[in-house]
Protein chains: 2
Amino acid sequence: MVMAAVSRRHARLYVTVDLVILTIREEGLHVLLVERGKEPYQGQLALPGGFLRERENLPDAARRELAEETGLSDARLHLEQVATYGDPGRDPRDHVVTVSYLAIAPSLPAPVAGSDARHARWEPVDRVDRLAFDHNDVFADALERARSKLEHTTLATVFCAETFTIGELRRVYEAVWGGPVDARNFNRKVTGTDGFVVPTGETRRSTPGRPAALYRAGPAKTLYPPMLRTNIGAPTSEWTRINTMRA
Amino acid sequence: MVMAAVSRRHARLYVTVDLVILTIREEGLHVLLVERGKEPYQGQLALPGGFLRERENLPDAARRELAEETGLSDARLHLEQVATYGDPGRDPRDHVVTVSYLAIAPSLPAPVAGSDARHARWEPVDRVDRLAFDHNDVFADALERARSKLEHTTLATVFCAETFTIGELRRVYEAVWGGPVDARNFNRKVTGTDGFVVPTGETRRSTPGRPAALYRAGPAKTLYPPMLRTNIGAPTSEWTRINTMRA
DNA sequence: GGCGGTTAATGTCAGAAAGACACTAATGAA
DNA sequence: TTCATTAGTGTCTTTCTGACATTAACCGCC
């Protein structure tokens, strides 16, 4: 049986992946940006990314680009698809559809010098503005995804090292949500939720101050009931983008 | 200044949109499926969809396909992007990336007979199995998205006609979540949440029984605090698919 | 007109969870 | 030993939800 090829009448497009790589540095949430080395948008900051290769699937492309930018392929990294943007005018050169991925890692070092990351740098998330292409939207959607995920899942532990204190975990929430989280209620919620964290039995000393108990990430993925953002502005959750359709 | 074209070394792909069209018929949640008229997967059921055209953006393509399938372009329809699937082997003919959209409408009629919808039919969501391509995954993800959205947003009203009763709204929840919802607590939650519904002042009589008050959808999009599924199996929320990456 | 059945709406009680915040504990430095 | 700092535990109140009872508003029938 002969199988017909796809009609040549259909559009053929380039597909890229764009990465929103988040980490926590200097007590604040940062995103990795690169300076465009050539047109279009030369000199402007953009999210890192690249073109899909022949017969390459999307997550592999995202992992490849991530490894290029951060040098990491650690399994503890979080990588998840967020949205797809396909406005024909988003890239002046040609019709390019991009699939964005949220990547989260424990404290990442300064960007490595590579051919694509020559002018890469960590930017505080509240300082991100005027990115190339539609990357402002891409970034905003991924940031909101990260914020929502901290409400409903135990994802925050991915921002931490293998062992961490409750205080460190709470500061992750504060960095991602952009506001204070009550230490007493946070401690009760996290340690009272089965599978969120697992005590190691050891402590980490700080000078001065009471030594803090150390924990590892537990097996639970879902945080149920969720820990909702309350006193940090009105929730502009990704839930509310009814009829949201990325172009 | 001359702008370089995209390198010919990068892959060029076909992009499609796939629609998960949900409606409620005969007290149950249904999805629109079409029977494939040609290879690959000829004779098998699939989600409706089609190829992106030259210079067409994704939501326009989704709307175009939706109009073809349902005859509707009603602004009250809900249409939102869900995920993108790009496994090179997902279509035997060529490397095709698909972007899935969730579409929700009030009670839709039997499928119109069109060239693409010749063998279209509504299928109860719990009877969906062995779809073509990777459409089982596509469908499962969109269904879960719909289920989650009923927890966090006022989206359920889109399944209803312009005016509806609280009982009708509750049956939407029961159809989408697949289990019973307590009428007394539901009524209190819905009518007690600002902006969820707005009373019309009229009633709808049923014979026999107490006339039910009629409502319209209110302005609120977010349902906060959310109305979480509790006694309908463990929540298999889309939140828990950490590291979920559609291929 | 009254009664019964059905559906809708309101109400009650209890418990869980979270918000707000105080107090105690465990250090190390001075 | 004292003090400052950080961590952890605790208390009270409020809010919300779960479970379920009761009342209300019909229409059909006698």
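Throughout, protein chains are lettered first and strands after them, A, B, ... in sequence-line order, and every chain is numbered starting at 1. It should be emphasised that the depicted structure is a prediction, and the values quoted were computed from it without experimental measurement.
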In whole angstrom, what separates [X]'s [atom1] from [N]'s [atom2]?
| X | N | atom1 | atom2 | value |
| --- | --- | --- | --- | --- |
| B:Phe186 | C:dT10 | CZ | C1' | 16 Å |
| B:Arg170 | D:dG18 | CZ | C1' | 16 Å |
| B:Glu168 | C:dT7 | CD | P | 14 Å |
| B:Asn187 | C:dT7 | CG | P | 16 Å |
| B:Met227 | C:dA17 | CE | P | 19 Å |
| A:Leu214 | C:dT27 | CG | P | 13 Å |
| B:Ile166 | D:dA25 | CD1 | P | 18 Å |

Among B:Thr191, B:Val190, B:Val198, the one residue meeting side-chain contact (heavy atoms from CB on, under 4.5 Å) with B:Tyr215: B:Thr191
Aromatic plane relationship, A:Tyr173 with A:Trp177 - under 30° parallel, 30 to 60° tilted, over 60° perpendicular: perpendicular
Within 6.0 Å of CZ in A:Arg204, more than 12 heavy atoms from elsewhere: yes
Crowding at CG, A:Asp194 (>12 non-hydrogen neighbours, <6.0 Å): no
Donor-acceptor contact present, side-chain B:Arg145 to main-chain B:Gln81, <3.5 Å: yes
Side chain of [X] only, please: which of [options] is the nearest?
| X | options | value |
| --- | --- | --- |
| B:Asn185 | C:dG19, D:dC20, C:dT12 | D:dC20 |
| A:Asp182 | D:dG18, D:dA25, C:dC21 | C:dC21 |
| A:Arg184 | D:dG18, D:dT9, C:dA17 | D:dT9 |
| A:Arg188 | D:dA19, C:dA26, D:dT11 | D:dT11 |

Distance below 4.0 Å between B:Thr165 side-chain N/O and C:dA8 OP1 or OP2: no
Residue-phosphate contact under 4.0 Å: A:Lys189 side-chain N/O, C:dA17 OP1/OP2: no
Donor on one side chain, acceptor on other, A:Tyr85 and A:Asp141, under 3.5 Å: yes
OG1 on B:Thr157 to CZ on B:Phe196, rounded to 0.5 Å: 6.5 Å
Any residue of residues 196-210 of chain B with a heavy atom less than 4.0 Å from an atom of DNA chain C: B:Pro208, B:Gly209, B:Arg210
Sugar-phosphate only, base, or nothing, as touched by A:Ala213 at under 4.0 Å among non-hydrogen atoms: sugar-phosphate
Most 5' of B:Pro226 and A:Arg171 on DNA chain D, judged by nearest nucleotide: A:Arg171
